[in-house]
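Working notes, structure below.
Basis for what follows: all heavy atoms, side chains included, without hydrogens, waters or symmetry-related copies.
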Amino acid sequence: MTDDEAVALLAEAVATPSVSGDERRLAERLRHIAAGHGARSHIDEAGNVHALVGRGPRTVMLLSHLDTVPGAVPFEHTGTLVRGRGAVDAKGPLAAMLVAALGSRDLGIRVHWVGVVEEETLWSRGAEHVRATVPVPDAVIVGEPSGASAVTIGYKGMAEFEVRCEVPRTHTATPGPKAGEILVRALGRLLDTYGTRGNANFGDVGLVVRDGRLEPFSGACSLVFRTPPGLSPEELLRQVSAILGEGIDVVPVYDVPAVMVPRGSACVRALTRAIRLEGLRPAHKLKTGTSDMNTLSRSWQVPMATYGPGDCHQDHTDTEHILVQEYLDGVRILRTALRELDNSLREAAS
């Protein structure tokens with residue numbers, strides 16, 4: 001693909017709405033584009049789109065997500081930027097990976113590009129399907145915005161709990177604490193301990209309260225925690241239950257572990273060297289959110305890293321946009337990183 005074609009692909013992807021659960025149109029379009037460039041492509045049972053390029057003995061997976069959070073951002077495509085929902089998170093990385101994959105036929109590896117569904121939900125259904133059904137590759141690069149010159153090597157984990165409080169039904173004027181009051185006071189203690197400020201630091205626990213319902217005789221809400229490495233869901237559950245106190249039930253819903261990959265990982269090394277070779281100064285990042293690297297690393301013990309063009313501070317914002325030059329830098333760095341991985345995997349196998 002030429003640079004102009006690569007930018008046109010990005011613009012089309014951003015202009016195509018794909019809120020979580022409604023990614024089919026974009027998946028079909030990207031499958032058609034990949035097939036048109038000679039890739040073996042299909043859409044799986046979960047709605048993920050796959051493209052395979054090359055037939056080498058070792059496989060490198062490039063995986064990013066198709067879906068976006070809700071909320072309209074007016075589409076704009078100029079000579080310097082592409083604006084729209086998902087431009088950064090994560091259609092910039094998604095498109096850059098597809099362009100790099102389609103240009104990898106001369107390598108001695110098989111490149112398996114995947115656009116997955118529903119990463120922006122708590123359950124990451126698309127990546128979970130890939131983890132359960134696709135043979136484990138030799139290396140994985142997950143596409144999320146790190147900036148063209150940075151590699152993300154760690155993400156916090158996530159744990160969701162449902163909390164419930166019920167009291168005997170009486171007249172609402174009857175003296176005594178009501179369920180909503182008990183729950184609010186308990187949540188106050190929890191926020192004093194964790195609070196959203198913990199989301200700013202990789203080593204701390206962060207908390208967001210969501211989907212609340214407060215009634216006199218029953219109350220419930222969901223708690224979503226961001227957890228650092230070393231804190232198990234079981235230990236967090238014990239801590240939360242102790243803070244909330246008696247009369248409140250805490251039910252685990254879903255969790256995904258934190259992930260940290262060594263700087264010496266083959267993927268980190270390949271991306272870092274590629275960034276240098278393209279004339280930029282590499283950096284390594286730790287992020288306080290989660291990504292599909294968390295999901296895949298549950299059972300795939302292979303070299304991994306996360307990379308993608310785009311400023312992550314634009315994620316989910318009303319001004320979300322990606323600079324064209326940053327995107328093209330990302331394409332070139334991914335192409336170079338694939339060559340580096342081809343060499344390192346061949347050496348490791350010899």
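With hydrogens and angles ignored, the 3.5 Å screen pairs no side-chain donor or acceptor of Asp67 with any backbone N or O of Val19. Of the possible polar contacts, none joining the Ser104 side chain to the Leu107 backbone as a donor-acceptor pair under 3.5 Å is found. With hydrogens and angles ignored, the 3.5 Å screen pairs a side-chain donor or acceptor of Lys91 with a backbone N or O of Thr16. In this structure a side-chain-to-backbone donor-acceptor pair under 3.5 Å is present from Thr78 to Thr80. No donor-acceptor distance shorter than 3.5 angstrom exists from the side chain of Ser124 to the backbone of Glu120, with no hydrogens or angles considered. Checking side-chain atoms of Thr288 against main-chain N and O of Phe202 turns up no donor-acceptor pair under 3.5 Å. The main-chain N or O of Gly54 is found under 3.5 Å from a side-chain atom of Arg40 such that the two form a donor-acceptor pair. Lys156 places a side-chain N or O within 3.5 Å of a backbone atom of Asp204 that can act as its donor or acceptor partner. Judged by distance alone, the side chain of Glu320 and the main-chain N or O of Asp89 form a donor-acceptor pair under 3.5 Å. Under a 3.5 Å cut-off, the side chain of Glu326 and the backbone N or O of Gly310 do form a donor-acceptor pair.
Neither Leu52 nor Leu94 shares a network with the other; the hydrophobic side chains, linked directly or stepwise wherever heavy atoms of I, L, V, M, F, W or Y lie under 4.5 Å apart, form separate groups for each. In the hydrophobic clustering of ILVMFWY residues, with side-chain heavy atoms under 4.5 Å counting as a link, Val69 and Tyr155 come out apart. In the hydrophobic cluster analysis, where Ile, Leu, Val, Met, Phe, Trp and Tyr join through side-chain heavy atoms closer than 4.5 angstrom, Leu191 is grouped together with Phe225. By the criterion of side-chain heavy atoms lying less than 4.5 angstrom apart, applied directly or through intervening Ile, Leu, Val, Met, Phe, Trp or Tyr residues, Val250 is grouped together with Ile243 in one hydrophobic cluster. Placement of Val88 and Leu323 in two distinct hydrophobic clusters is found when ILVMFWY residues are connected by side-chain heavy-atom separations under 4.5 Å, directly or transitively.
No salt bridge links Glu128 with Arg125; every basic N to acidic carboxylate O contact stays at or beyond 4.0 Å. Looking at Arg332 and Asp329, a side-chain N of the basic residue comes within less than 4.0 Å of a carboxylate O on the acidic one, giving a salt bridge. Under a 4.0 Å N-O distance rule, the pair Arg25/Glu23 does not qualify as a salt bridge.
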Yes or no on side-chain hydrogen bond (donor to acceptor under 3.5 Å, both in side chains) for His42 and Arg31, after CA distance, side-chain angles and deciding distance? CA-CA 6 Å; His42 71 279; Arg31 186 203 64 77; over 6 Å; no
side-chain hydrogen bond (donor to acceptor under 3.5 Å, both in side chains) evaluation trace for Ser149 with Arg281: CA-CA 6 Å; Ser149 61; Arg281 178 177 295 179; over 6 Å; no
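No side-chain donor-acceptor contact under 3.5 Å links Ser18 and Arg24. Counted by atom type alone, Asn343 and Glu347 present zero donor-acceptor pairs between their side chains at under 3.5 Å. No side-chain N or O of His284 forms a donor-acceptor pair with one of Thr152 less than 3.5 Å apart. Looking at Gln314 and Thr319, their side chains do bring a donor and an acceptor atom within 3.5 Å of each other. A donor and an acceptor atom, one from each side chain of His65 and Glu118, are nowhere located under 3.5 Å apart.
In this structure, Glu166 places its CD atom where only 12 or fewer heavy-atom neighbours from other residues, nucleotides or ligands lie under 6.0 Å away.
Across all their heavy atoms, Gly92 and Ile322 have their closest contact at CA-CD1, 4.0 Å. Heavy atoms only, all atoms of each residue included: Leu102 and Ala39 are closest at CD2-CB, 3.9 Å. Across every non-hydrogen atom of Cys165 and Ala179, the tightest pair is O-CB, 3.7 Å. Residue Val324 comes nearest to Leu81 through the heavy atom pair CG2-N, 3.6 Å, listed as atom of the first residue, atom of the second, then distance. Nearest heavy atoms, Val259 versus Ser297: CG2-OG, 3.6 Å. In this structure, Gly143 and Ala90 approach most closely via the heavy-atom pair O-CB, 3.9 Å.
Considering CG of Leu30 and CH2 of Trp113, their distance stands at 4.5 Å, rounded to 0.5 Å. Here Leu63 contributes atom CG and Thr295 contributes atom OG1; the two are 9.5 Å apart, rounded to the nearest 0.5 Å. In this structure, the separation between CZ on Arg339 and OG on Ser344 is 13.0 Å, given to the nearest 0.5 Å. Atoms CD and CD, on Glu5 and Glu12 in that order, are 12.5 Å from each other to the nearest 0.5 Å. In this structure, the separation between CE on Met293 and OG1 on Thr306 is 3.5 Å, given to the nearest 0.5 Å. Here the CG atom belonging to Leu244 is positioned 10.0 Å from the CZ atom belonging to Phe161, to the nearest 0.5 angstrom.
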